[in-house]
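A quick write-up on the structure given underneath.
Just so it is clear, the model here is predicted, and its values are computed rather than measured. The sequence lines fix the lettering, A, B, ..., with proteins before strands; numbering per chain opens at 1.
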There are 2 protein chains.
Amino acid sequence: MADIDSGSEQPVPRKRADARRNEKALLDAAAAAFVTSGVDVPVRDIAVRAGVGVGTIYRHFPSRADLIVAVYRHQIEACAEAGPALLADSDTPHAALAQWIDLFVDFLVTKHGLAAALQSDDAAFQTLHAYFLDRLVPVCDQLLDAAVAADEIRPDLDAYGLLRGVGNLCIGAGNDPRYDARRLVDLLVAGLRVR
Amino acid sequence: MADIDSGSEQPVPRKRADARRNEKALLDAAAAAFVTSGVDVPVRDIAVRAGVGVGTIYRHFPSRADLIVAVYRHQIEACAEAGPALLADSDTPHAALAQWIDLFVDFLVTKHGLAAALQSDDAAFQTLHAYFLDRLVPVCDQLLDAAVAADEIRPDLDAYGLLRGVGNLCIGAGNDPRYDARRLVDLLVAGLRVR
DNA sequence: CCAACATACGGAACGTCGTTCCGGATGCCA
DNA sequence: TGGCATCCGGAACGACGTTCCGTATGTTGG
């Protein structure tokens, strides 16, 4: 993203050094805690790991959702950017869609509790919900449109519905070896095909 | 279920009248509260509705899951019993399976928060999880086997996986008019068909 | 180098929740 | 009607997310 102001002076006079240090420590601590205990890990645990007080968490990340987004932003961006690339490289739009959804599923199933948080109607997770949707729905829409235009899938499901369905199927994956979210998503995508 | 003891005397000497009255009041209050506020409604709200103290809830229903099971037991039993009936009445096993899953989905999407509670790994919901599985997996298995035997669907998904997938797809249905769980379940079942 | 001020910090405090506990009330039976 | 097992209400506890504020510390102009 380019700066809004084209002038040379920065209107935000740079944060204090300890604040920058703590923000980084918090991101690292949260990432580690999410791996160990899932995204539902108590806020106090993250604070202890980072060696800061709980107040410091809320100063940097107004809601838990903001912290989750900050931790996973890079991976979500990478997923979003992979969409057009796959569409360009794959043999068919449907193959690109299937590969892209695999990427999304791989991301979700390795983040304990994230898929569940994504679907939660708790107000605290609204930012999370919104970020995923804003970033991924347009990409999915593009892939879906291309596949429909190529007459490979039925036109009766929108990107929002598909993403929520895939996200839902990923809930609880990783907790239970008997539940294979990937296979179910494959079946769902298979069900989309025209026959 | 038949009684274990075939004798005429009941070894449990019948509960006190106020206890029976309160248990009924609690079931009614919980059912109403679940409709209004979902199965995650605070325990205190149910107690107020029933006109009892919170201690009374826990005496009759040791965990929140037991209360949920008690409220929905009849509907779950009806769903389980519908399986063999559909198999006998339908033209094909796959049609029976599709209709049975429709029944299950109709049940889940009208109970706010139930599908999410079903997949929760919270220990408090283990009873709920176990009851659904014990009761419905065998029925689903029977339908699945029949459809596989008739060469209508692929044999690569077990009843447990299918039920969890369907349950997952029902999470959040009813909160968001843009999300149509029924259609996604239909796509999933369509993906099961041999082609 | 040193104030003095904005900025940031820590953790106590608050409200909500599920769950447990126990002194007292109440139905039941002799 | 008395006595006792059963059951009740709601206070109490611990965990949690979130807010608040007295204190500490970096920054910057002199």
Side-chain angles (χ1 to χ4, degrees), chain A residues 9-27 29-30 33-34 36-70 113 116-117 120-128, chain B residues 9-27 29-30 33-34 36-70 113 116-117 120-128:
Chain A
E9 96 279 48
Q10 52 257 52
V12 277
R14 191 124 162 274
K15 290 204 291 193
R16 260 168 57 170
D18 54 348
R20 267 175 292 140
R21 208 180 328 121
N22 279 329
E23 182 163 336
K24 170 106 173 55
L26 273 171
L27 281 174
F34 290 169
T36 305
S37 316
V39 297
D40 292 321
V41 63
V43 176
R44 282 164 176 81
D45 289 5
I46 301 176
V48 169
R49 270 185 196 258
V52 305
V54 285
T56 302
I57 293 191
Y58 285 95
R59 196 165 317 98
H60 289 284
F61 306 98
S63 79
R64 169 186 221 85
D66 293 297
L67 181 54
I68 298 177
V69 168
S120 163
D121 53 353
D122 188 332
F125 289 115
Q126 202 173 346
T127 303
L128 184 67
Chain B
E9 95 277 53
Q10 54 258 52
V12 278
R14 191 122 164 272
K15 290 204 290 196
R16 259 169 56 171
D18 53 348
R20 268 175 290 139
R21 210 182 325 122
N22 279 329
E23 182 164 336
K24 171 103 173 58
L26 274 171
L27 281 174
F34 291 169
T36 305
S37 315
V39 298
D40 294 318
V41 63
V43 176
R44 283 164 175 78
D45 289 5
I46 301 176
V48 169
R49 269 185 197 258
V52 305
V54 283
T56 302
I57 293 191
Y58 285 94
R59 196 164 317 100
H60 288 284
F61 306 99
S63 80
R64 171 187 219 82
D66 294 296
L67 181 54
I68 298 177
V69 168
S120 164
D121 54 353
D122 188 332
F125 289 116
Q126 201 172 347
T127 303
L128 185 67

Practice task
Specify the separation, in whole Å, of atom CG of A/Asp40 and atom C1' of D/dC16.
Solution key: 12 Å

Handout entry: Nucleotide D/dC7, atom C1' - distance to CZ of B/Arg14 in whole Å
Key = 16 Å

Problem - Nucleic acid contacts of residues 60-67 of chain A, taken as heavy-atom distances under 4.0 Å to DNA chain D - result: A/Arg64

Practice task
Send over the distance from A/Leu128 CG to D/dG17 C1', rounded to a whole Å.
Solution key: 16 Å

Practice task
Tell me, with the steps shown, if A/Arg49 and A/Thr36 meet side-chain contact (heavy atoms from CB on, under 4.5 Å).
Solution key: CA-CA 12 Å; A/Arg49 270 185 196 258; A/Thr36 305; 3.2 Å; yes

Problem - Residues forming a side chain to side chain contact (heavy atoms under 4.5 Å, CB included) with A/Thr56, sequence neighbours excluded - result: A/Asn22, A/Leu26, A/Val52, A/Arg59, A/His60

Handout entry: Residue whose closest nucleotide on DNA chain C lies nearer the 5' end, A/Asn22 versus B/Ala124
Key = A/Asn22

Completion exercise
Between the CZ atom in B/Phe125 and the CD1 atom in B/Ile68, the distance rounded to the nearest 0.5 Å is 5.0 Å

Practice task
Write down the distance between CG (B/Asp45) and C1' (C/dG18), rounded to a whole number of angstrom.
Solution key: 13 Å

Handout entry: side chain to side chain contact (heavy atoms under 4.5 Å, CB included) partners for B/Val43, two or more places apart
Key = B/Val54, B/Ile57, B/Tyr58, B/Arg64

Exercise for the section: At under 4.0 Å between heavy atoms, which parts of nucleotides 21-30 of chain C does protein reach? Answer with one letter per nucleotide, 5' to 3': B base, S sugar-phosphate only, - none. Expected result: B----BSS--

Fill in the blank from the handout: In short, A/Glu23 meets A/Lys15 closest at the heavy-atom pair OE1-NZ, 2.6 Å

Completion exercise
Atom CD of A/Glu23 and atom C1' of C/dC9 are separated, to the nearest Å, by 15 Å

Fill in the blank from the handout: Hits for side chain to side chain donor-acceptor pair (under 3.5 Å) against B/Asp18, two or more places apart or cross-chain, chain-then-number order -> B/Arg16

Practice task
Go through the structure and list residues passing side chain to side chain contact (heavy atoms under 4.5 Å, CB included) with B/Ala30, not counting sequence neighbours.
Solution key: B/Phe34, B/Ile46, B/Leu67, B/Val71

Exercise for the section: Would you please name every residue forming a side chain to side chain contact (heavy atoms under 4.5 Å, CB included) with A/Asp121, sequence neighbours left out? Expected result: B/Asn175

Fill in the blank from the handout: B/Asp122 atom CG is separated from C/dC17 atom P, nearest whole Å, by 16 Å

Handout entry: Set of residues satisfying side chain to side chain donor-acceptor pair (under 3.5 Å) with respect to A/Ser37, sequence neighbours excluded
Key = none

Handout entry: Closest to side chain of B/Val43, choosing from D/dG17, C/dC9, C/dT19
Key = C/dT19

Practice task
Nearest whole angstrom, please: distance from the P of C/dG10 to the CD1 of A/Ile46.
Solution key: 15 Å

